[in-house]
Amino acid sequence: MRKLVALPVLSADALSSVAYGPEAMLAVLVLAGTAGLGYSIPIAATIVFLMLAIGVSYRQTIRAYPRGGGSYIVASDNLGLFPGLTAAAGLMTDYILTVAVSISAGVAAITSAVPSLASSTVLIGVLAILVLLACNLRGIRQAGAIFAAPTYAFVIAMVALIVAGLADAADRDFRPVPHPPVNATEALGILLVMRAFASGATAMTGIEAISNAVPAFKPVEWRNARTTLSWMVGLLVVLFAGIIALVHFSGVLPRSQETVLSQLAHLSFGSGPMYVYTQAATAAVLLLAANTAFNDFPRVLSLLARDDHAPRLFARMGDRLAFSNGIILLSVAAGLVYVAFDGRTTALIPLYAVGVFLAFTLSQAGMVVHWWRLRNRHWRKSLLFNATGSLLSAIVLVTAGITKFTEGAWVALVAVGLFLVVTTRIRRHYDTVAAALRLQRHAIELPHHTITPRAVVPPRRVEGVDGSPASREPRDPRAFDEVEGAEEAEEVPEEIRHLSLVPIQTLDRAGMRALAYAASLQQPVLVIHVSTGVAEAERFRDQWLLWGDHLPLQELVSPYRAVVAPLVNYIEALHRQRPDLTLTVILPEIVVRQRRYSALHSRTAPRLRRALRPLRKVVVTTVPFHV
């Protein structure tokens, strides 16, 4: 992406947070009355310093990880497995709450402009989540001017609002307008100030997005990403500080019926077109910010699945080249959180801070270890920046966890703990299964009783899931026994002509058992392997030369990790070429003793049965391997 496109697309989450971050801070301070509101400027200044420190820290991350360095990757590489999973837990919580908070803030912008819709807040938010779900399942991506427009429109609206508000303040010689009398409901103390600081710091969410997406930039990628990050942090500081200044000069206070931004826009623009534009731009950018989580959450989940810390079905892309299972999980989780908290932004903010700053802290701590190990040019300066970012993030994390524990932060902490328990148990189960499936030389007898294929040549070209050639000339082009004039109506066994197809993803004991069963049928056998790239294809071919080279092999290429689609395409093409053959698809199946682990293993057989059911003379069967 060009920087002018990458800036709005990747900054939507961070920049849109000024729609709720300052208000969340003020909503806490107002509890202490006028005395509490007097701390708004010092707290805002501290948050601005924190924004700059974290921004500089992530500039170092981009330089160290030019191929993308999210919190999970950085923490895992430098701190180890458990900190990496903890960072992933923070990220996952962050993305779920990004959807819930952005949607709630966007709905608040709409209901502030149209108060009659206030009673439908939950319904509107759920419908918005469903729209995002449908769009992302169809493979709609953040790209180009369409997705850049809402962010630029919001920035223009905020700059116009700040300029107009400061111009009004200048006419009064920058004398603040007295706000209405506020009765204190809580005592002003250090805990309340810390709660306000933690709430306002949620305006920093989304800063990590650019460091995750470094490869998406035009060359030189890391340099363009650092420049874009600097612009994003600069805009975030200007907008955040500008909103706080307007609140200070205008005397506006948080109200349950209308957002602070709406009140400021009413004061500066009245109820005319500019007010409508400001509210519409705010709602649009918040919707876009929610959509960024639909890209990042499934991607992180796929990395966890690749490392065997999540069910492997989350590593699989759908027909639209999107991680459909991860998108559905995010929608369900965000929808439940949104409904549980009645779509109220102020209620969701305490949960938000924990996930955001947990990921920040571990990512920057990982970078400190990275520079200490590397010790290249300027490593001391980089280590200092990252250490400062990690320390400040840790302070906010502890502050949010302590001061907002009873307000809902405990939910996020419990979610992180459950995530760690579940992911470690999943990894333990996969390790146990892998040990049971591992092949050992001389431990098994290779299947060798088979009939040499003679007359049917499988299709030379089969479309992959992306429309590209997905198969190549089979290794053994000799054919199966050719049958002239065979038809569908076989009444006796001797009239049925078989071809056994054995899809094998990896060569293990389950796969060898399926091959042995296929060979025992005394019918021609063709092995099919679907690889996701050249490296995997070569690795499988090396294993095949050792364990199974006595059987013909057909390789299919599916670069998007899809398995069922290329298999179905190949079998359909083979069926069209030889409708006289009865095709028996024999699949290895892992059967676990404890039913709760069954979802962790492939559901290829049911999906193949559904896809191939319309084809006559195609049979799908499984060979169980009990673990």
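Atom set for the values below is all heavy atoms of this structure, side chains included, hydrogens, waters and symmetry mates excluded. Just so we're clear, the structure is a prediction, and the values are computed from it rather than from any experiment.
The pair E555-R541 counts as a salt bridge, with a side-chain nitrogen and a carboxylate oxygen less than 4.0 angstrom apart.
Under 3.5 Å, the side chains of S382 and N386 contain no donor-acceptor pair of N or O atoms. Side-chain contact annotation: S211 with Y65, donor-acceptor N/O pair under 3.5 Å absent. Under the 3.5 Å distance criterion, with hydrogens and angles disregarded, no donor-acceptor pair is assigned to the side chains of K404 and T399. Donor-acceptor pairing under 3.5 Å is lacking for the side chains of D296 and N212.
Residue Y352 forms a side chain to side chain donor-acceptor pair (under 3.5 Å) with just one option from T98, T345, T202, and that option is T98.
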Pair F217-V5, side-chain contact (heavy atoms from CB on, under 4.5 Å): steps then yes or no: CA-CA 10 Å; F217 284 82; V5 173; over 6 Å; no
Might you work through the side-chain contact (heavy atoms from CB on, under 4.5 Å) test for I62 and L229, ending with a clear yes or no? CA-CA 9 Å; I62 291 172; L229 176 64; 3.9 Å; yes
Test I426 against H309 for side-chain contact (heavy atoms from CB on, under 4.5 Å), laying out the working first. CA-CA 6 Å; I426 289 175; H309 293 296; 5.7 Å; no
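In this structure, Y58 has its ring center closer than 6.0 angstrom to the ring center of F360.
With S102 contributing its side chain and V99 its backbone, the two residues share no donor-acceptor pair below 3.5 Å. Between the side chain of Y95 and the backbone N or O of G90 there is no donor-acceptor pair closer than 3.5 Å. In this structure, the side chain of S262 does not engage the main chain of T259 through any donor-acceptor pair within 3.5 Å.
A cation-pi contact, defined as under 6.0 Å to the ring centre and within 45° of the axis, links R375 to W372.
P22 and S17 get closest at one heavy-atom pair: CD-O, 4.0 Å.
For D77, the salt bridge (charged side-chain N to carboxylate O under 4.0 Å, His left out) criterion is met by no residue, not counting sequence neighbours.
Going from atom CD of Q279 over to atom CD1 of I110 covers 9.5 Å, rounded to the nearest 0.5 Å.
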